[in-house]
Amino acid sequence: ADPVAWAAPAAAVGGLVGVAAGLWLARRRPAHGKDAHWRMARQSAMLGWFEYDPKSGRVCSEAETLLGLDESWRNAPFERWLARIHPDDLAAVSALRSELSPGAEHRLTFRLRHADDYWEWLAVHARVVGEAPGHFTLFGVCQVVTQAKLAEAELIRREQSFRALVDNAADIVARFDLNLACRFVNRAVNRYTPTPRDEMLGRRLGEHGWPPAVAERFEAECRHLIDTWESRRFEIEAGFGGAARRHLFEVQLLPEFDAEQRLVSLLALMREVTEARQTQRQLEEENIVLEMIANNRPLAEVLIQLCRMIESQLIAGRCAVMLKAPDRETLTLAAAPSLPTGFAHMLREVAVGPDEANCGSTAYWRRTSIIADLDDVPAARRWRDAVQQFGIRACWSVPVTTNEQHLIGTLAVYYDEARRPTPDELRFAYRASRIAAIALERDRHEKRLYHEATRDVLTNAYNRRHFLELAVREHKRSHRYDSPLSLLVIDLDHFKQINDRHGHAAGDAVLRAFAHLARQTLRGSDVLGRLGGEEFAALLPNTPLAEAHEVAERLRGAAEADAVDWQGGAIHYTLSVGVSTLIGADSVDDMLARADRWLYAVKRRGRNRCDGERPGLREPADLVQQTR
Ligand SMILES: Nc1nc2c(ncn2[C@@H]2O[C@H](COP(=O)(O)OP(=O)(O)OP(=O)(O)O)[C@@H](O)[C@H]2O)c(=O)[nH]1
């Protein structure tokens, strides 16, 4: 058999000795025919043979063609070759020569300088063969592997830079095996938990200091991935080192496969999205409150929603909104949905003053007051004990002011543990206080508008239009509950004379005095309206006729006894009253018209008196006679 013919296939399966022997035999024959073809085949595979005879110290080889060298290298001394070897590889190659023992096999990869002056990587596979006793020869094949070597170096470089990237990534990158034990985790994890990374390896998430509920959720997702091989995306919320520090992570869980497409591990990318989510949630919650304000929801409802918004942002905080009326030196509690009832009760009314409890002094000084720990504040000692019985330890209080810097309330957040706000938290509290101010101002504005639209400016009694609206409402209610309803129409006597004698301003003062007197004389549920000029009406719900007559008489008497201070003197006045009551299908207009007719009758009979319908007598007799 042609030794060359079997040499190549043998090389392919790594039968080194066969190859070496084949090549050796091939070397001894002139290159012609098949030999020439084999030589070409070896060259294109960048493959060559060599033989080192320690006795002669020469290397007989085909390697010179691989390195672009001339024929003088075909049988060159080992020393000459050493000069072409990369300095870093010199030691390994020299060692090869000194370790020759029969049967030994050597594999080595090293760099040789190419004729074109660059480093060529050669992979050498050689064996020591004993040809005669005491005489060994090293037979070997070598192959140019520069491309592979460079690719490998590039791969290592990339792997290193990838590792560096992963390690310095802001996101947590972790790998878990199929038993959900951690196999790798980057440095980012130590931003959240102090457990050293080494200690995390081989352990499950729950053993890394992550809260059990979070670990459970995470592992449930992992198991889902293991079952389905599908990547997962979800969010988890974890608090480390105290409940007040909350982190929200968006987790991406990816399956990792080996070359045979078997699932081998899970890669977890965890990005903290706390701030983004919090901002988003904050905006959403703010919008809810602002929408409520725009939709004129009752102030109490708006403030409760505002407290809930604050509590959802300032974790573990409990919020209270206090209001300050312009004419009073106290704050009253307007909303505190999460405070203990007893504590809320204590806050019902808080005095405003320099040394008062937190909100009281905040309102007094109109500045934010932060009590991070009640124990540390001597000024707070007075009320500290009272507060501490409810487990409160810290209190931050922010003034609520109008655009013109008028104080209209305070906003406070209470904590069960000592706590100082972060700049972000403080900024948020100011923002919340602005929203509270908008709600309060809007409410005041609404109330003012309503007041102006429904009241008579001079007397503060309801104006005619609103009085009639209220009368219709009361009328309906009386019909529904079958309850009595009576009406007084009141006219000040000879009012023109008062105007004429004392002036218009005096007339105004009398009108005001009467309205004040009427409010004091009537019940809180009675409705006083100014119908026009010096004519008023009082609607008396749940008042039967006889009682209405008494009220009318009481009012008349009070007016008669009244004296309006005017320019050092006193103006006296009297009034006349007509009384009607709701009977059957009467409308408000019917009642008004009848009371008016009774008033007219009274005026005709002399004024300063009351009269009205009685059982069996609905219209004034003289008027009836007159119209006949
Ligand atoms: N000062 C003042 N006077 C008013 C007001 N509205 C109406 N008046 C005056 O009230 C007077 C009502 O006069 P009259 O309708 O003649 O009635 P009177 O003088 O009270 O006489 P009797 O009702 O018949 O007792 C008029 O002079 C009006 O100008 C007001 O808001 N202020």
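Order of appearance sets the numbers: ligands from 1, and atoms from 1 within every ligand.
- Remark: R419 qualifies as a cation-pi partner of Y415 under the 6.0 Å distance and 45° angle criteria applied to the six-membered ring.
- With ring centers used as reference points, Y192 lies under 6.0 Å from F249.
- Listed by chain and residue number, nothing satisfies the salt bridge (charged side-chain N to carboxylate O under 4.0 Å, His left out) test with E216 (two or more places apart in sequence, or in another chain).
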Note down each nitrogen or oxygen pair, ligand 1 side and protein side, whose separation is under 3.5 Å; give only atom names and the distance to 0.1 Å.
| unit_1 | atom_1 | unit_2 | atom_2 | d |
| --- | --- | --- | --- | --- |
| ligand 1 | 1 (N) | N499 | OD1 | 2.9 |
| ligand 1 | 1 (N) | H504 | O | 3.1 |
| ligand 1 | 1 (N) | D508 | N | 3.4 |
| ligand 1 | 1 (N) | D508 | OD1 | 3.1 |
| ligand 1 | 3 (N) | N499 | ND2 | 2.8 |
| ligand 1 | 17 (O) | E534 | OE2 | 3.3 |
| ligand 1 | 19 (O) | F495 | N | 3.1 |
| ligand 1 | 19 (O) | K496 | N | 2.8 |
| ligand 1 | 20 (O) | L492 | O | 3.1 |
| ligand 1 | 20 (O) | H494 | N | 3.4 |
| ligand 1 | 20 (O) | F495 | N | 2.7 |
| ligand 1 | 20 (O) | E534 | OE2 | 3.1 |
| ligand 1 | 23 (O) | D491 | OD1 | 2.9 |
| ligand 1 | 23 (O) | K603 | NZ | 2.9 |
| ligand 1 | 24 (O) | R607 | NH2 | 2.9 |
| ligand 1 | 25 (O) | H494 | N | 2.7 |
| ligand 1 | 25 (O) | K603 | NZ | 2.8 |
| ligand 1 | 25 (O) | R607 | NE | 2.8 |
| ligand 1 | 31 (O) | R530 | NH2 | 2.6 |
| ligand 1 | 32 (N) | D508 | OD1 | 2.7 |

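- Y462 carries R455 over the face of its six-membered ring, with the cationic atom under 6.0 Å from the centre and within 45° of the normal.
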Would you tabulate the side-chain donor-acceptor contacts of residues 511-520 under 3.5 Å, counting partners in other chains and residues two or more places apart, or write 'none'?
| unit_1 | atom_1 | unit_2 | atom_2 | d |
| --- | --- | --- | --- | --- |
| R519 | NH1 | T459 | O | 3.3 |
| R519 | NH2 | T459 | O | 3.2 |

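- For R281, the side chain to side chain contact (heavy atoms under 4.5 Å, CB included) partners at least two apart in sequence or on another chain are E237, R246, E285, S312, Q313.
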